[in-house]
Amino acid sequence: MNTKKYCAVVVGLGLVTLSACGSSDGGSGTDSKTVTLVSHDSWAVSKNVLADFEKRSGYRVRVLKDGDAGQAVNKAILTKDNPQGDVFFGVDNTLLSRALDNGLFQSYEAKGSDLVLPEYRVDQDKHRVTPVDTGDICVNYDKAYFSEHKLNPPASFDDLVKPAYKNLLVTENASTSSPGLGFLLGSAAKYGDDGWQDYWKKLKANGVKVVDGWEQAYNEEFSGSSTGKKAGGDRPLVVSYASSPPAEVIYADPKPTTAPTGVAEGTCFRQVEYAGLLSNAANGKGGKALLDFLLSKEFQDDMPLNMFVYPVREGAQVPQEFVKFGPQAEDPETMDPARIAGHRDDWVKSWTSLVLK
């Protein structure tokens, strides 16, 4: 998720820089036939699905991709009075309170909200965000490496600090990367306020490598991904997603019968991504139509094999490749949004001081 930047699979919709100004029309009265979506780099949709929406709605969709999820959210907050677009997609549960507290979104209850699975619904009194997808942030491992070294891959947070896995893990910066932050929150959920810092001291002593974002970690440093192999990656453990192994199968040529990478299920943290109508959107009416589209069955069915995430709408199709190679974790770490809001910034500050200095 994002976040899930599989370079080989992302469908390019055009990198368009569009600065919009003015206030929302509130759904009535704009002549604009262009609606702009601001997102992290992992946004993708099938061309025919997008074309069908554009034909039915009369709107042309432009997409501004703005880096990793953490970077994109921070920039959207800084530009909220003069936003770059109409809808923002890609704020997840790790950063949601920051976006809401800074007034990034205006209220709109998207069509189909009643079909969102109950566990993913938030902000029900104001409807400032719409759940779009979910996935699990987990440590992935390179099966070939562990087979060649006759070493069992790690299965839990506890395993990662054992001497056998010294200098094997690469993760993302928790202050700039959504999966990096998710991994930090997973450790906080696992070990509590009094234990997570000690855990990271052990992880640092065990040689964890920290890079800026998912792209570098997965596609350059990780030895198990197809791109990481080409780049000479030498870390057989990486913080990524439970849906990463299916991507390695689907886009391999020839396709293997088993995934070359696996997931340490005892390291997973449940992530949910949301979209919202930006507070000062120039084309509020078009933004609302786009949010409706993101919850439509057509988009929810199409989304998994484009962005490698799970749908949140009841009855949406889950690809068989996900079921076979990347099932959701049975017991992932989770955290109440209020707890994230109350501790996230302090945790990130402490993590930065502890791990990066």
Which residues pass the side-chain contact (heavy atoms from CB on, under 4.5 Å) test with Thr171, sequence neighbours left out? Phe183, Trp200, Val208, Val210, Val239
Side chains of [X] and [Y]: closer than 4.5 Å at any heavy-atom pair?
X      : Y      : result
Trp196 : Leu184 : yes
Val38  : Pro83  : no
Ile250 : Leu305 : yes
Asn167 : Lys209 : no
Ile137 : Cys268 : no
Leu203 : Leu160 : yes

Could you measure the distance from the [atom1] atom of [X] to the [atom2] atom of [Y]? Nearest 0.5 Å is fine.
X      : Y      : atom1 : atom2 : value
Tyr274 : Leu294 : OH    : CG    : 14.5 Å
Ser244 : Phe222 : OG    : CZ    : 8.0 Å
Leu37  : Leu64  : CG    : CG    : 8.5 Å
Phe105 : Leu277 : CZ    : CG    : 9.0 Å
Gln197 : Trp347 : CD    : CH2   : 10.5 Å
Lys230 : Asn219 : NZ    : CG    : 10.5 Å

Is the side chain of [X] donor-acceptor paired with the backbone N or O of [Y] at a distance under 3.5 Å, no angle test?
X      : Y      : value
Ser279 : Leu104 : yes
Arg313 : Leu295 : yes
Thr94  : Gly182 : no
Arg235 : Leu169 : yes
Asp86  : Ala282 : yes
Ser113 : Glu109 : no
Asn173 : Ser175 : yes
Thr267 : Ala264 : yes
Gln300 : Val312 : yes

Any side-chain donor paired with an acceptor under 3.5 Å for [X] and [Y]?
X      : Y      : value
Thr261 : Asn140 : no
Glu248 : Ser225 : no
Ser177 : Trp214 : no
Asn306 : Ser46  : yes
Ser97  : Arg344 : yes

Using the ring-ring contact (aromatic ring centres under 6.0 Å, His included) criterion, which residues pair with [X]? Sequence neighbours excluded.
X      : result
Phe299 : Trp43, Phe293
Tyr165 : none
Tyr145 : His149

Where do [X] and [Y] come nearest, in terms of heavy atoms and distance?
X      : Y      : result
Arg270 : Thr134 : CD-OG1, 3.3 Å
Val348 : Ala174 : CG2-O, 4.1 Å
Gly85  : Leu278 : O-CD1, 3.4 Å
Pro163 : Asn206 : CA-OD1, 3.9 Å
Arg98  : Ile77  : CG-CD1, 3.6 Å
Phe146 : Pro154 : CZ-CD, 3.9 Å

Counting only heavy atoms not in Lys143, do more than 12 fall under 6.0 Å of its NZ? yes
Side chain to side chain donor-acceptor pair (under 3.5 Å) assessment of Asn93 paired with Tyr120: CA-CA 10 Å; Asn93 50 315; Tyr120 303 127; over 6 Å; no
Does anything in [range] pair up under salt bridge (charged side-chain N to carboxylate O under 4.0 Å, His left out), and if so which pairs, sequence neighbours excluded?
range            : result
residues 185-201 : Asp193-Arg339, Asp198-Lys202
residues 150-174 : Asp159-Lys162
residues 120-131 : Asp123-Arg128

Identify every side-chain donor-acceptor pair in residues 314-338 under 3.5 Å, counting partners at least two apart or on other chains, and give the distances.
residue, atom, partner, partner atom, Å
Asp336, OD2, Ala338, N, 2.8

Mind jotting down which residue pairs meet the disulfide bond (SG atoms under 2.5 Å apart) criterion with at least one end in residues 293-357? Sequence neighbours excluded, please. none
Step by step, would you call Val170 with Val211 a side-chain contact (heavy atoms from CB on, under 4.5 Å)? CA-CA 7 Å; Val170 58; Val211 297; 4.1 Å; yes
Contacts of type side chain to side chain donor-acceptor pair (under 3.5 Å), residue Asp212, not counting sequence neighbours: none
Classify the ring geometry between Tyr191 and Tyr199 as parallel (under 30°), tilted (30 to 60°) or perpendicular (over 60°). parallel
Using salt bridge (Lys or Arg N to Asp or Glu O under 4.0 Å) as the criterion, list what pairs up with Asp301, not counting sequence neighbours. Lys297
Should the pair Lys65-Asp41 be classified as a salt bridge under the 4.0 Å nitrogen-to-oxygen rule? no
Residues 48-57, side-chain donor-acceptor partners within the protein, below 3.5 Å, at least two apart:
residue, atom, partner, partner atom, Å
Asp52, OD2, Arg56, NE, 2.9
Asp52, OD2, Arg56, NH2, 3.4
Glu54, OE2, Val61, N, 2.8
Arg56, NH2, Glu298, OE1, 3.1
Ser57, OG, Phe53, O, 2.8
Ser57, OG, Tyr59, N, 3.1

Hey, mind stepping through Asp92 and Ser178 against side chain to side chain donor-acceptor pair (under 3.5 Å) and telling me if it holds? CA-CA 8 Å; Asp92 64 29; Ser178 178; 2.2 Å; yes
For the pair Gln84 and Lys75, evaluate side-chain contact (heavy atoms from CB on, under 4.5 Å) and give the outcome as yes or no after the intermediate values. CA-CA 10 Å; Gln84 296 173 292; Lys75 187 172 181 180; 3.4 Å; yes
